[in-house]
Each structure stands twice: as structure tokens, then as C-alpha cells.
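Below is one structure, written out as C-alpha cells; the observations come after it.
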Amino acid sequence: MRYWLMKSEPDEYSIDDLKRDKKSAWFGVRNYQARNFMRDDMSVGDPVFFYHSSCPEPGIAGICKIASKPLPDKTQFEAGTKYFDPKSTIEKPIWMCVEVAFVKKIELISLAALRDVKALAEMRILQRGNRLSITPVTETEWQYIETKLVK
DNA sequence: GCCAACGTTGGC
DNA sequence: GCCAACGTTGGC
């Protein structure tokens with residue numbers, strides 16, 4: 001089992017949206033590293049921190065879990081949308097996604113609060129210049145956050 | 001809105 | 001394969 005952190009802009013899709021939907025495809029990822037995590041490294045049941053980015057209060061807003069094997073991201077075939085990729089074909093899709101299932105909403109753990117914790121200094125999300133929308137979380141980091149910061 | 005950092009593109 | 005130009009991310 002591996003642990004993950006997945007970013008979403010709450011204006012686009014928030015933890016409340018996932019709570020309502022129970023389950024959702026994590027579509028729209030157009031970065032190869034992030035895609036490869038979904039395609040190659042995730043397993044059904046892996047726990048995920050749901051992170052709100054590009055918003056007034058960025059931080060971890062909830063917990064969800066991986067709920068499907070990798071699937072072709074349908075939005076890559078939708079001509080005229082911002083996720084359309086003309087290089088992709090049904091036979092050879094370029095972009096993959098997974099489904100995630102809601103686990104719980106938590107009291108927001110702000111980015112500032114995460115930065116305050118020495119034990120989390122090495123977290124990918126806190127590294128300078130990090131922009132990757134999906135990052136692995138180590139077991140140590142997960143346990144620390146889960147036991148000490150999640151409310 | 002600004003800007004640093006990073007990824008992608010495309011000419012050579 | 002190099003690298004400059006450009007686009008995007010995301011915190012502030």
C-alpha cells in the first residue's frame with residue numbers, strides 16, 4: 001500500500017463535491033509524472049490526502065481513497081474542451097485517471113500548519129517549486145498527519 | 001496581479 | 001540533443 005496527496009482547486013472540485021458524489025474520476029491530469037503515478041503506482045484502497053490548491057486557504061481538506069484501476073481519461077477525447085488532446089486516440093489513450101472515493105472531510109490542515117511541523121519538512125508538497133498535482137506521501141508523514149493533525 | 005519555478009515545444 | 005521561448009502552477 002502507498003499513500004498519496006492529490007491537489008484540486010476547490011473552485012473546480014472540492015472535498016464537498018466528493019462528499020456529495022461519494023466517488024469521482026480524477027480526470028484532467030495532463031502531466032506525465034502525475035499520470036504515471038496513477039497508471040503505475042496506485043492500488044485500489046490506497047489512502048489519499050485531498051488537498052485544496054490555488055484558493056484562499058490552501059491545505060489538506062479531507063481524506064479519500066483510490067477506488068479503481070487506471071482508466072482512460074474520457075475528457076481527452078472531448079473536442080472543444082480544455083482537456084481535449086488531439087494526439088490521443090481511443091486505441092492508444094495518452095492520459096489515464098483513477099477513481100477516488102470519499103472517506104471523510106476534516107478540519108482544514110493549512111499549508112502554513114504543515115510548514116510549521118519539523119517532522120514534515122521533507123514532504124514533497126512543501127518543497128520549493130513543487131507543482132506536481134499528485135505526490136507520494138511516505139508512511140511516516142502519513143502517520144504523523146493522521147494521528148497528530150487530523151481532526 | 002505578481003512572480004518563481006518548472007514542464008513542454010519546436011527550431012536548429 | 002540542446003536550449004530559448006512560452007505556458008502553467010500555485011502561493012502570496
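These numbers were taken from a predicted model, which means no experiment stands behind them. Within every chain, numbering begins at 1; the chains are lettered A, B, ... in the order of the sequence lines, protein sequences first and strands thereafter.
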- Message: Regarding A:R30 and A:D73, does a basic nitrogen lie under 4.0 Å from an acidic carboxylate oxygen?
- Response: yes

- A:K65 bridged to A:D46 by N-O distance under 4.0 Å: no

Rounded to whole angstrom units, what separation is found between the [atom1] atom of [X] and the [atom2] atom of [N]?
X: A:L114; N: C:dG10; atom1: CG; atom2: C1'; answer: 15 Å
X: A:D85; N: C:dG7; atom1: CG; atom2: P; answer: 17 Å
X: A:N130; N: C:dC12; atom1: CG; atom2: P; answer: 13 Å
X: A:N31; N: C:dT8; atom1: CG; atom2: P; answer: 14 Å
X: A:I134; N: B:dG7; atom1: CD1; atom2: P; answer: 15 Å
X: A:E9; N: C:dT9; atom1: CD; atom2: P; answer: 7 Å
X: A:L111; N: C:dG11; atom1: CG; atom2: C1'; answer: 7 Å
X: A:R30; N: B:dC6; atom1: CZ; atom2: C1'; answer: 19 Å

- Query: Using the ring of each side chain (for Trp, its six-membered ring), is A:W26 parallel, tilted or perpendicular to A:F50, with breaks at 30° and 60°?
  - Reply: perpendicular

From the list [options], which nucleotide is the closest neighbour of the side chain of [X]?
X: A:K87; options: B:dT9, C:dT8, B:dT8; answer: B:dT9
X: A:Q33; options: C:dG10, B:dG7, C:dC12; answer: B:dG7
X: A:Y32; options: C:dT9, B:dT8, C:dG11; answer: B:dT8

- Item | side-chain N/O A:Y51 vs C:dG11 OP1/OP2, d < 4.0 Å | yes

- Query: Within the pair A:K7 and C:dT9, is there a side-chain N or O less than 4.0 Å away from OP1 or OP2?
  - Reply: no

- Task: Please indicate whether A:Q127 has more than 12 foreign heavy atoms, meaning atoms of other residues, nucleotides or ligands, lying under 6.0 Å from its CD.
- Result: yes

